[in-house]
Every structure is written in structure tokens, then in C-alpha cells.
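Have a look at the structure below before the remarks.
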Amino acid sequence: QVQLVESGGGSVQSGGSLRLSCTASGESYNSYCMAWFRQAPGKEREGVASIDSGGNRHYIDSAKLRFTISKDNANNALYLQMNSLKPEDTAMYYCTAVSPYSPAGCIFLAPSAFRYWGQGTQVTVSS
């Protein structure tokens with residue numbers, strides 16, 4: 001049984017930083033594409049960053065240069081370091097994973113390409 005549990009969300013001021021963590025249980029995630037999505041009230045779920053089985057990282061434009069996704073295979077953990085946070089980053093952030101995966105789905109962060117989802121952790125950025 002794959003289970004994903006996020007933590008690390010909170011409230012910060014604009015320009016601040018947060019590090020989100022996702023603990024994955026159930027099996028080894030070495031062969032997975034793993035990603036972070038977010039969803040703000042009234043908006044669709046949006047992919048933020050992904051990392052594939054080869055360690056290749058992909059980001060949406062608004063996350064490039066500010067966010068860093070990383071993975072600890074030994075501890076089945078996924079991270080998202082978020083710097084220079086902006087009010088528009090306010091959302092519920094979700095950890096997600098899939099294997100086997102579509103390379104295009106992993107690269108372009110298509111929600112339908114991911115199978116397992118955590119419950120989310122709230123990030124609130126005030127101006």
C-alpha cells in the first residue's frame with residue numbers, strides 16, 4: 001500500500017522560505033516519478049515540480065530559480081525547498097507519485113498521469 005504524507009507547510013511572509021517534506025511508505029520509490037502539485041481555492045490543481053527515476057527535474061516557469069525538488073531514495077522521502085515565496089504561492093501542496101510512468105506526464109506535470117496522492121499541506125504567504 002503506497003502512502004504519502006506531507007509536512008512542512010505553514011504561514012510565512014512574502015520573501016520567506018519553507019521546506020516541504022513527503023514521506024513515502026509501502027515500497028521503494030526508486031523507479032517512480034514523484035512530484036509536487038498545488039491547488040489554490042477556486043483554481044485547478046497545478047503541477048509545480050517533478051523528479052523522475054533518473055533524477056531529472058522539471059519545474060513550471062513560476063517555480064524555476066525559486067523552488068528546488070529533491071529526493072532521498074534511501075529514506076523514501078521527497079522534498080520541495082521553496083525560497084522567495086510570493087502571495088500567489090499560497091495553496092494546498094500535494095505530494096504525488098506514479099510507477100510505471102509516462103515520461104511526458106512526468107515532464108509536463110499532468111495530474112492524470114499520477115496515481116498516488118498525499119492529503120496535502122497548507123502553505124500561506126502573506127504580503
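Between the OH atom of Tyr29 and the CG atom of Leu78 there is a distance of 11.0 Å, given to the nearest 0.5 Å. Atoms CZ and OG1, from Arg19 and Thr68 in turn, are 10.5 Å apart once rounded to the nearest 0.5 Å. Atoms CH2 and OG, on Trp36 and Ser50 in that order, are 13.0 Å from each other to the nearest 0.5 Å. Distance SG/Cys106 to CG/Asp52: 5.0 Å, rounded to 0.5 Å. Between the OG1 atom of Thr96 and the CZ atom of Arg115 there is a distance of 11.0 Å, given to the nearest 0.5 Å. How far OH of Tyr116 is from CD of Gln1: 8.0 Å, rounded to the nearest 0.5 Å.
Remark: side-chain polar atoms of Glu6 are not paired, donor with acceptor, to backbone N or O of Thr121 under 3.5 angstrom. Remark: side-chain polar atoms of Asn30 are not paired, donor with acceptor, to backbone N or O of Ser53 under 3.5 angstrom. For the pair Thr124 (side chain) and Thr90 (backbone), a donor-acceptor distance under 3.5 Å is absent.
No side-chain heavy atom of Trp117 sits under 4.5 Å from any side-chain heavy atom of Val2. Contact annotation: the side chain of Val123 never approaches that of Arg38 to less than 4.5 Å [non-hydrogen atoms, C-beta and beyond]. Side-chain contact between Ser14 and Pro87 is present, with at least one heavy-atom pair separated by less than 4.5 Å.
Around atom CZ of Arg57, more than 12 heavy atoms belonging to other residues, nucleotides or ligands sit under 6.0 Å away. Surrounding CD of Gln119 are at most 12 heavy atoms belonging to other residues, nucleotides or ligands under 6.0 Å away.
Contact detail for Val12 and Ser17: the closest heavy-atom pair is CG1-O, 3.9 Å. Scanning both residues, Leu4 and Cys22, for their nearest heavy atoms gives CB-SG, 4.0 Å. Listed here is the closest heavy atom pair of Met34 and Ala24: CE-CB, 4.4 Å.
Follow the hydrophobic side-chain contacts under 4.5 Å out from Ile51 and you never reach Ile107; the two are in separate clusters. Residues Ile60 and Phe67 do not share a hydrophobic cluster, defined by chaining ILVMFWY side chains whose heavy atoms lie under 4.5 Å apart. Using a 4.5 Å cut-off between side-chain heavy atoms of Ile, Leu, Val, Met, Phe, Trp and Tyr, with links allowed through other members, Leu109 and Tyr93 fall into different hydrophobic clusters. Linking Ile, Leu, Val, Met, Phe, Trp and Tyr residues whenever their side-chain heavy atoms come within less than 4.5 Å places Ile69 and Leu85 in a single cluster. Residues Tyr59 and Val125 are members of one and the same hydrophobic cluster, defined by side-chain heavy-atom contacts under 4.5 angstrom among Ile, Leu, Val, Met, Phe, Trp and Tyr.
With Phe114 as the fixed residue, the ring-ring contact (aromatic ring centres under 6.0 Å, His included) test singles out one of Phe37, Tyr32, Tyr94: Phe37.
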* Can you list the steps and then say if Asp61 with Lys64 is a salt bridge (charged side-chain N to carboxylate O under 4.0 Å, His left out)? -> CA-CA 5 Å; Asp61 286 347; Lys64 289 177 182 176; 3.2 Å; yes
